[in-house]
Each structure stands twice: as structure tokens, then as C-alpha cells.
Asker: 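Mind looking over this structure? Questions follow.
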Amino acid sequence: MAEHRATLGIDLHLAPTGPGLRRGLTDALREAVRTGRLTPGTRLPSSRSLAADLGIARNTVADAYADLVAEGWLTARQGSGTRVADRAVPRPPARPAAPRRVPGRPRYDLLPGTPDLASFPRAAWLKATRRALAAAPNDAFGYGDPRGRPELRTALADYLARVRGVRADPERLVVCSGFAHGLHLVCAALHARGARTLAVESYGLDIHWDLVERTGLRTVPLPFDDLGTRAQSPGDADAVLLNPAHQFPLGGALVPERRAAAVDWARRTGGLVLEDDYDGEFRYDRQAVGALQDLDPDHVVYLGTASKSLAPGLRLGWMVLPPSLVPEVVAHGGGRSVGVLDQLTLAEFLTSGAYDRHVRAARLRYRRRRDTLVEALATRAPDVRVTGIAAGLHAVLRLPPGTEPSVVRAAAWHGLAVHGLARYRHPAAGGAREDALVVGYATPPDHAWASTLEALCRALP
């Protein structure tokens, strides 16, 4: 597979439109600067890196940069790269205020939901911790803002705007201790408002459904078909929970028409869309799908986490909330659930560029794992169809009808921990059942990857 996204540099979310590539790219960059999404001083990717990410000629990017330098939107200096010019740019107005492990110790682990923990950037994280601790003001160690440290909220707002296309005002960004904690806070706030039902996707995590129901909300599954979840008519639901960028576990991205339909439903009914940006940074074959939240920040709650990009043990997550929901979520708990030093360290990791570098390196490593998996299955199990591989840390292996239970048993016999798709199906979901394995290819260490693939191929029909 050709290299597109996993290259050196920094990420930048753009959607060029217009009659020509150069004009479309120029207009998209100018609009990002004009609206304040790219703030003064922001360093842009090199022309080579951005051209590779967008799949266009390097000269097209260089010409677009040159046009904007001439207009005064960008600056370019030898050794300093291309940056957003330090000029008066109108900023948006401030608004008021993993699946459970199976018992035992299998020899090989292909359970989804966990990154390669051996690749956690210990040295870079330690450096960031030292810098953050040395620069921290004394008041950082007090009780502080219940939304989280302002350094982290500001750094996250800049990063999410640049990479995921999120409209992320720091004033309505709340730090939490992972996705599950954020989901609990939002659902508790919705229940206190009088909400009673949350529509969820037919395939997902039972630990999330159980968590939602413990807040007093009922979960009802949404219908789905070959194009993904159909969220445009969720019945009497008060809110909808979606994985629009990379659905877990099926692996697809929600098509544009259904993304728009979900937001239209929320606007029309006063409902809310909860966007779980599940491993949204790990897309391999083209630029990542932008966040759904950008379509309507007043009706979409954006939830993100460092659990897949760094490690789940950090317990670091974040929410970008509609303005009216901020005080209600904060009242149920928020930024004070995460240690100050961890927040300051992540802020330093983001602003220094270390996070970008780590994600780029991880993306390349995981894509190689994915390619090896696909090649091995094409050779050893040609009747197994592999889907959901354009992004994320897992693949879905489609099996002949009726064979999923026997394949899961065969995998266990070969010492392989792997889940069948049925494990992720909502009990009340309708539609036809599909037979498949959900294979997490990020977890095995490098030295065991070949033998893990061998065990998997032996277990398949």
C-alpha cells in the first residue's frame, strides 16, 4: 500500500473546495486563518508533507503558500518554516459559561481496544513532565478550575481545531479521566435535565451501555445497513451516541449524508449527538475524516481521549460541550478528576510538537501491522474478507455464516485471545446477525507478531 498519511511532519485538517486544486487549497487555508482556527504563530506542515497528506502535487501547495504569504496571511522564513502571520485575526467570541479481558493467560493477544503499550514515549513524556513541572505556577497545585487546567484546555483547543477540525473554545472544553468518565458526566447531566433515552449503535461496548443505564438513561439500538448506522430517526431518544470517524467494532466511517442527517435531527428536535472520536487520528490511506462536531457545535458533544494515541493508563480525556451544557457537566465533576501534573505534562507534550511526532510514528507502525495482517490472510485464508482497515487499531474478519462460535473456540485452542463480533451486539439490536472476528492488531509486541499471525491463520476456516 502506498504511503500517504504516515510521514514526518505535523498534521493539518483541510478540506479544499473549488474549481481548482490551487485555488481550493488557498481558499481553505485563508478561511482557516481568517476565522481563527489557525491562530497567529501556528506552524504549517512543509509543502512536501502537506502535498503527501492531501495527495496533490508539491508545487500546488508551494504556490498556495506563496499566494498567502504575498497577501500577508502567512510568513515564510529560512529555517523557521511557514507560519500563520502575526496579524489581527478575528477569534470566535467567547461563550459563557476497553473491552474486558477474558479469563486466563492466553499466549497470543488480539483483543481490540489497546494500543502498543511498549511504544509509550517514556523519554519524551519524562522531558515534558520536567519542563511542565519547572514552568508550573504555584496556583497550579491548588483546587483550580473544575473544567481542568487552562494550559491543557488551550493546548487541546488548538490541537483539535488543527487536526480534527473541531470548533473548540477552551471555555467550553472540560478535561475528564477518559472517555467512560466523560460519557458518565454527560449522561448524568442529561438525566438531570429530564432526558430518559440514549440511542446507541447496534454494535458497540456493553461497558458503555451499562454505564449509561447506571445514570438512569435507557439505551436503544439504532438500525444499520451496508452504509452504517441510520441515526436520522432515533424515535423518542433524547440523544444519540455515535462513532462517526471510525465505528467500533465494525470499522467504517459514517457517510456524509448520514452525518448531516444526524445533526439535522438534533437541530430539529433539540436533541444532542454525542460524538465518540474513537482513534480518529489513526487513518492510513487518506486524510482523516473531520469531526462531526464542526457541523453544529451547539448540538454535538465531542469526546476524545489519549487512551489509543498514548496509553489508557494515563486516564486523560476531554469533552467539547455546547455552551448550555458546560455548567451542568461541571456540576457533576470534571477537570479535578485528573492530576494537575498529568494535565500540565500533556499540555507541554502537545505544544512542543512531541504529540504530533508520536502519533505520526505510531500511525506508520500500526499501518505496517495492518498491511502484514492483510497480506497473511490473503495468502493463508483467502476466503476470509477483511474490512474496517482504513483506520484504527483493529480489523474485522468476515467469516462464513454460522462459523463464528467454532472459530472463536479454535482460536482459544491455539492460545489466541480474540473476540467474535457477536460479543459487541446490543441485546435489542434488530437485523441480520453477521459472523466475524474483531482483531486488535496493535497489542502484540513486535517480537511475537509473526507467531501471533501464524496462530490466527491456523484458527481460521
Side-chain angles (χ1 to χ4, degrees), residues 98-103 109-114 179-180 183 187 197-215 217-235 237 239-255 258 262 273-276 278-279 308 384-389 391-412 416-441 443 456 459-461:
R100 300 186 185 96
R101 295 285 182 178
V102 295
D109 186 358
L110 284 176
L111 297 181
T114 303
F179 170 78
L183 180 63
C187 289
T197 304
L198 176 71
V200 299
E201 295 181 282
S202 290
Y203 286 89
L205 287 172
D206 55 357
I207 56 174
H208 292 162
W209 302 329
D210 294 344
L211 180 152
V212 169
E213 293 185 352
R214 286 197 297 272
T215 68
L217 299 180
R218 179 174 63 101
T219 64
V220 295
L222 292 162
F224 73 100
D225 55 27
D226 291 341
L227 295 179
T229 299
R230 293 159 53 194
Q232 61 270 32
S233 300
V240 173
L241 174 62
L242 298 173
N243 294 147
H246 182 231
Q247 205 278 336
F248 182 86
L250 296 178
L254 197 61
V255 296
R258 294 194 177 176
V273 177
L274 278 53
E275 177 180 11
D276 176 7
Y278 182 82
D279 55 24
K308 304 301 180 289
V384 173
R385 184 166 58 95
V386 186
T387 63
I389 58 171
L393 308 180
H394 74 277
V396 180
L397 277 54
R398 305 288 179 169
L399 302 172
T403 62
E404 180 183 313
S406 61
V407 172
V408 172
R409 287 194 298 270
L416 189 68
V418 66
H419 284 159
L421 182 61
R423 185 188 187 281
Y424 301 100
R425 183 180 174 89
H426 193 284
R433 294 179 179 269
E434 300 182 61
D435 289 81
L437 293 184
V438 182
V439 172
Y441 51 77
T443 306
L456 174 65
L460 292 172

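Quick caveat: nothing in here was measured; it's all calculated off a predicted structure.
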Asker: Any side-chain heavy atom of Pro405 sitting closer than 4.5 Å to one from Val408?
Answerer: no
Asker: To the nearest 0.5 Å, tell me how far Leu397 CG sits from Leu110 CG.
Answerer: 9.5 Å
Asker: Which heavy atom of Ala199 sits nearest to which heavy atom of Pro234, and what is that distance?
Answerer: CB-CB, 4.0 Å
Asker: Within the structure provided, determine whether Val212 and Val200 are in side-chain contact (heavy-atom separation under 4.5 Å).
Answerer: no
Asker: Can you measure from CG (Leu111) to CG (Leu416) and round to the nearest 0.5 angstrom?
Answerer: 8.5 Å
Asker: At their closest point, which heavy atom of Gly402 faces which heavy atom of Asp435, and how far apart are they?
Answerer: N-OD1, 3.1 Å
Asker: Determine, step by step, whether Leu460 and Leu437 satisfy the side chain to side chain contact (heavy atoms under 4.5 Å, CB included) criterion, reporting the C-alpha distance in whole Å, the side-chain angles of both residues, the deciding distance to 0.1 Å, and the verdict.
Answerer: CA-CA 10 Å; Leu460 292 172; Leu437 293 184; 3.9 Å; yes
Asker: Quick check: closest heavy atoms across Leu227 and Val255, and the distance to 0.1 Å?
Answerer: O-CG1, 4.0 Å
Asker: Is there a donor-acceptor pair under 3.5 Å between the side chain of Glu201 and the backbone N or O of Leu242?
Answerer: no
Asker: What's the shortest heavy-atom distance between Ala432 and Phe224, and which atoms?
Answerer: O-CZ, 4.4 Å
Asker: Within the distance-only criterion (no hydrogens, no angle test), does the side chain of His394 pair as donor or acceptor with the backbone N or O of Pro249 below 3.5 angstrom?
Answerer: yes
Asker: First locate atom CD of Gln247, then atom CG of Leu254, and finally report the distance between them rounded to the nearest 0.5 Å.
Answerer: 9.5 Å
Asker: So, taking the atom named OH in Tyr441 and the one named CG in Leu456, what distance separates them when rounded to the nearest 0.5 Å?
Answerer: 13.5 Å
Asker: So which atom in Ala262 and which in Val273 form the shortest heavy-atom distance, rounded to 0.1 Å?
Answerer: O-CG2, 3.8 Å
Asker: In Å and rounded to the nearest 0.5 Å, what is the CG to OG distance from Leu250 to Ser202?
Answerer: 9.0 Å
Asker: Grab the two heavy atoms, one from Val407 and one from Ala459, that are nearest each other, plus how far apart they are.
Answerer: CG1-O, 3.9 Å
Asker: Check step by step if side-chain hydrogen bond (donor to acceptor under 3.5 Å, both in side chains) holds for Arg258 and Thr229.
Answerer: CA-CA 8 Å; Arg258 294 194 177 176; Thr229 299; over 6 Å; no
Asker: Please check: side-chain N/O of His246 versus main-chain N/O of Ala391, any donor-acceptor pairing under 3.5 Å?
Answerer: yes
Asker: With no hydrogens and no angle check, is any side-chain donor or acceptor of Glu434 less than 3.5 Å from a backbone partner on Leu421?
Answerer: no
Asker: Starting at CZ of Arg409, measure out to CD of Glu404 and round the result to the nearest 0.5 Å.
Answerer: 10.5 Å
Asker: For the residue pair Val396 and Arg398, establish whether any side-chain heavy-atom pair is separated by less than 4.5 Å.
Answerer: yes
Asker: Establish, yes or no, whether a centroid distance under 6.0 Å links the rings of Tyr424 and Phe248.
Answerer: yes
